[in-house]
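All ligand and atom numbering here is 1-based and tracks the order in the structure. Below, all heavy atoms of this structure are taken into account, side chains as well, without hydrogens, waters or symmetry copies.
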Amino acid sequence: MAGFDIKIVQKMANLLRARFPYIYITTWEEERAVEFIKETVSDETTIKTVRKVYQWSQSRGFQDEDGRVRNNTASPAQAIDFIAKNGENAIFILKDFHVYFGIDHRPVDFDVVRRLRDILPDLKYAETMKNVIFVSPRLVIPEDMQKEISIFDFPLPNENEIRDRLDEMLRENSALQVLLDDEGKQQLAKSALGLTLQEAENAFARAIVTRGCLDKESLKIIFEEKNQVIKKTGILEFIQSDLSVEDIGGLENLKKWLQKRNNSWSSSAKKYNIPSPKGVLITGVPGCGKSLTAKAMSAMWTLPLLKLDLGKIFSGLVGSSEENMRRALSTAEAIAPSILWVDEIEKGLSGVTGSNGDSGTSSRVFGTFLTWMQEKDAPVFVVATANNIQGLPPELLRKGRFDEIFFVDLPTRRERKEIFDLHLKRRLNNDYIGQNLTLNDDLLNRLAEQTEGFVGAEVEQAVISALYEAFFNNRPLLERDLSESIVNTVPLSVTQKEQILALRQWANVRAVAATAREDLQEYISDEKPSDEEDVKASRGGRNLDF
Ligand code: ADP
C-alpha cells in the first residue's frame, strides 16, 4: 500500500519532529492509518530521525515491527510503563484507547489518564524521539488532556490509493471481464472518492456482482453505493438536482457573483493568481430562493453538491458531534472540487451562543468548522443558507470567513414577473392547460402588480392553487384563477412584517443585496423615497454590483 499524499505525510512528520507527545487519529481505517504512520516515520528525508513503530491493542499488548508480542504489556498501565521505559526512537500506536476516556456508560479511567500525564516529560524531553499516536474509530478526549492531545485529520483515500485497490482486486479476479480502458478505470476510482478503502472495495464488488463485469454502467452502481454510505452517516446527503441557474427568477447580483467564480479552481484560473473562493453566506427572507440557489449551483459549476445537516450533528442523534463534523468535512474534501451546502446554519449554531446550555460541545464543533473554513486547501466551496441571522455567532461573519454575505429580500416587481414566468411556463407545458391564457408581458405585469410583498414560494403557490381550481372545474387555466388565488393569499410579509424589517436592519450593515441594482429602481427612485417602516417600500442589503 502506498500513494499517501505527500502533504499529509509532511504534516504528520512535522508534528512528530516538533515532539507533540500525543496525537489522535480518528478513523475506521485502522490498518491504513498504521501503514501511513509507518510510511511517515521511515522516510528519512521528511522525518530526519527514523523511528520504530510499536502497536498496542488490549487483546495483544505491544507488538514490534516484526509482529513479536512484548510480554506483560496488555493492560493500559503496563503499556504506559513500557512507553516510559523505552529508550529507542519510536512511535507507540495505541488502538482503541478511547474506551478508557469515557464512552457511553463507561466512565473515564482516571488512573489511565493520570499515568498518561505522568509520562509527558518522558515523551517531551527524553533523549530519544518518542510520540504516542491514538488510533480509534471514535473521537473521545478526556477533559484533562485537551491541551496535550493534538487531533490529526487523517484524510479519506485519494484517487490513486483507490485505483491501487481496484487494480489489486482485478489482479485477484483475473477471469473477470473488464470492458474499461485505463481512463475508464481511473474514472471508476474517482467515482468512489469519499469512501474508505473498504467501502470502495465493497462498492466495486457490488458492481462486479450486479453486472458480471466491469463496464461504464458500473459507474452508476458505485455512485449509488456511495450515496447510500454517505446517507448512512445521517448528516450528509448528496443532492442530485436538475435545477439550473435558469430556474432562479431575479437575484441577478448573486447569480452574477457566482457565475464569475465558476471554474476558479481550474488550471487556467491559476494564471490570474486569484485565491480560491471559500464560500458564500446567503441570508434573507424565507421562501425567496436561497435553497433554490444552492441547489442550482451544482449544475452551474458542474460540481457535486453535498448537503450538511448541522442540526443533526448537534442533536446528538448521530453520535459524537465533533467526530461527525470531521467525518463530514473529510468526505467533502475527498470528493473535491465540491460544494458543501450548510442549510439553515443558524439552527445548528444556536448552541454556540449559549442559549441551549450545551455551549461546550457546540463551541468545539463550531470551532472545528471555523478552523477548517479558514485553513482548508482542498477546493470545497461552502454555501451556507440562513433564515434567521440573529442566532449567528459573530465569528462566523467576520471578514475572511465567507467571501461575501448576500441578503435575499422580497422579490421586486420585475423579479416577481420573472418568477411567474418560470413557474407558469413550467406548468403550462401542454396544449390543453394553457389554451385560454396568453403568457405575454402584459399578463406577467398584471400578476406582478397584484403580488407586491409576495415571496417567491408564495408566487409558486399561487400558480399551483390556481391550477387546482381549474382542475376542480374541469377546464383550462384562466387568469381569473390566478387573480383569485393571489387575493386569497396572506403573504408572509404581512404576518411577519416585524421580523422582515429586523432582518433588513441587520442586512443593511452586513450584507449585499442579491437583487441587481437596476431591479431596485422602483425602491430607490426619487419619486418614491423608501420608508424604513414599510415592508413593501424598503429594502435590505447594500446595493453593490458584481
Ligand atoms: P428559501 O429562501 O427559504 O431557501 P426556497 O429556495 O426553498 O426558499 O424557495 C422555495 C420554493 O419557492 C423554490 O423551490 C421555488 O420553487 C420557489 N422560489 C422561491 N424563490 C424563487 C425565485 N427567486 N425564483 C424561482 N422560484 C423561486
Side-chain angles (χ1 to χ4, degrees), residues 237 239-259 280-300 305 307-311 339 341-348 382-392 405-429 439 444 447-448 451-467 482 485-486 489 491-493 495-496 499-500 503-504 506-507 511 513-516 519-520 539-541:
E237 193 187 343
I239 303 287
Q240 279 164 299
S241 146
D242 43 17
L243 290 166
S244 73
V245 68
E246 279 85 39
D247 294 296
I248 309 172
L251 313 185
E252 294 301 331
N253 214 19
L254 171 59
K255 286 195 280 195
K256 220 186 282 167
W257 188 92
L258 291 171
Q259 275 160 338
V280 65
L281 173 61
I282 310 177
T283 65
V285 182
C288 288
K290 298 184 292 296
S291 311
L292 177 69
T293 307
K295 286 184 218 155
M297 278 187 66
S298 180
M300 202 191 297
L305 175 67
K307 183 174 162 191
L308 175 68
D309 194 331
L310 263 193
I339 304 170
W341 171 24
V342 190
D343 191 21
E344 300 192 290
I345 193 168
E346 75 276 25
K347 289 211 173 135
V382 178
V383 185
T385 49
N387 284 331
N388 178 7
I389 32 49
Q390 314 289 0
L392 290 181
I405 301 177
F406 279 97
F407 183 71
V408 180
D409 209 328
L410 297 174
T412 63
R413 192 185 318 124
R414 205 199 64 79
E415 287 178 319
R416 292 195 300 277
K417 240 177 105 174
E418 221 175 292
I419 300 171
F420 264 116
D421 191 31
L422 280 169
H423 287 285
L424 283 170
K425 271 208 187 103
R426 187 180 299 163
R427 291 180 174 88
L428 305 188
N429 58 358
L439 191 53
L444 294 172
L447 294 172
T451 47
E452 198 176 349
F454 276 45
V455 300
E458 287 161 347
V459 168
E460 182 185 18
Q461 209 45 53
V463 172
I464 292 173
S465 305
L467 284 166
L482 290 163
S485 76
I486 290 169
T489 305
L492 189 92
S493 59
T495 55
Q496 297 196 9
Q499 287 93 320
I500 295 176
L503 277 178
R504 283 182 182 159
W506 179 93
T515 301
D519 287 342
L520 292 171
R539 302 287 299 179

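Here Asp247 has backbone heavy atoms under 4.0 Å from ligand 1, and that is the only part of it that gets that close. Residue-level proximity to ligand 1 for Ala457 is carried by backbone and side chain together, each with a heavy atom below 4.0 angstrom. Heavy atoms of Leu292 found under 4.0 angstrom from ligand 1 belong to the backbone as well as the side chain.
In terms of N/O distances under 3.5 Å, ligand 1 is approached by Cys288. Between Ile248 and ligand 1, a contact under 3.5 Å exists for no N or O pair.
From the protein, the heavy atom lying nearest to atom 15 (C) of ligand 1 is Glu460 OE1, 3.6 Å. When hydrogens are left out, the protein atom nearest atom 24 (N) of ligand 1 is Gly249 N, 2.8 Å; that is the closest non-hydrogen contact. When only non-hydrogen protein atoms are considered, atom 18 (N) of ligand 1 lies nearest to Gly456 C, 3.8 Å. Protein heavy atom closest to atom 1 (P) of ligand 1, with residue, atom name and distance, is Gly287 N, 3.4 Å. Considering only non-hydrogen protein atoms, atom 4 (O) of ligand 1 sits nearest to Ser291 OG, 2.6 Å.
Put simply, no part of Gly250 is less than 4.0 Å from ligand 1, judged by heavy atoms. Every heavy atom of Val459 sits 4.0 Å or more from the atoms of ligand 1. Residue contacts with ligand 1: Thr385 is excluded, as none of its non-hydrogen atoms falls under 4.0 Å. Close to ligand 1: His423, with a non-hydrogen atom less than 4.0 angstrom away.
In terms of the ring pair (Phe, Tyr, Trp, His ring centres under 6.0 Å) criterion, Phe454 has no residue partners (sequence neighbours excluded).
No side-chain donor-acceptor contact under 3.5 Å links Glu344 to the backbone of Ala386.
Between Arg427 and Glu460 there is a salt bridge, since at least one side-chain N of the basic residue sits less than 4.0 Å from a carboxylate O of the acidic one.
Separation of the Trp506 and Phe407 ring centroids does not fall under the 6.0 Å cut-off.
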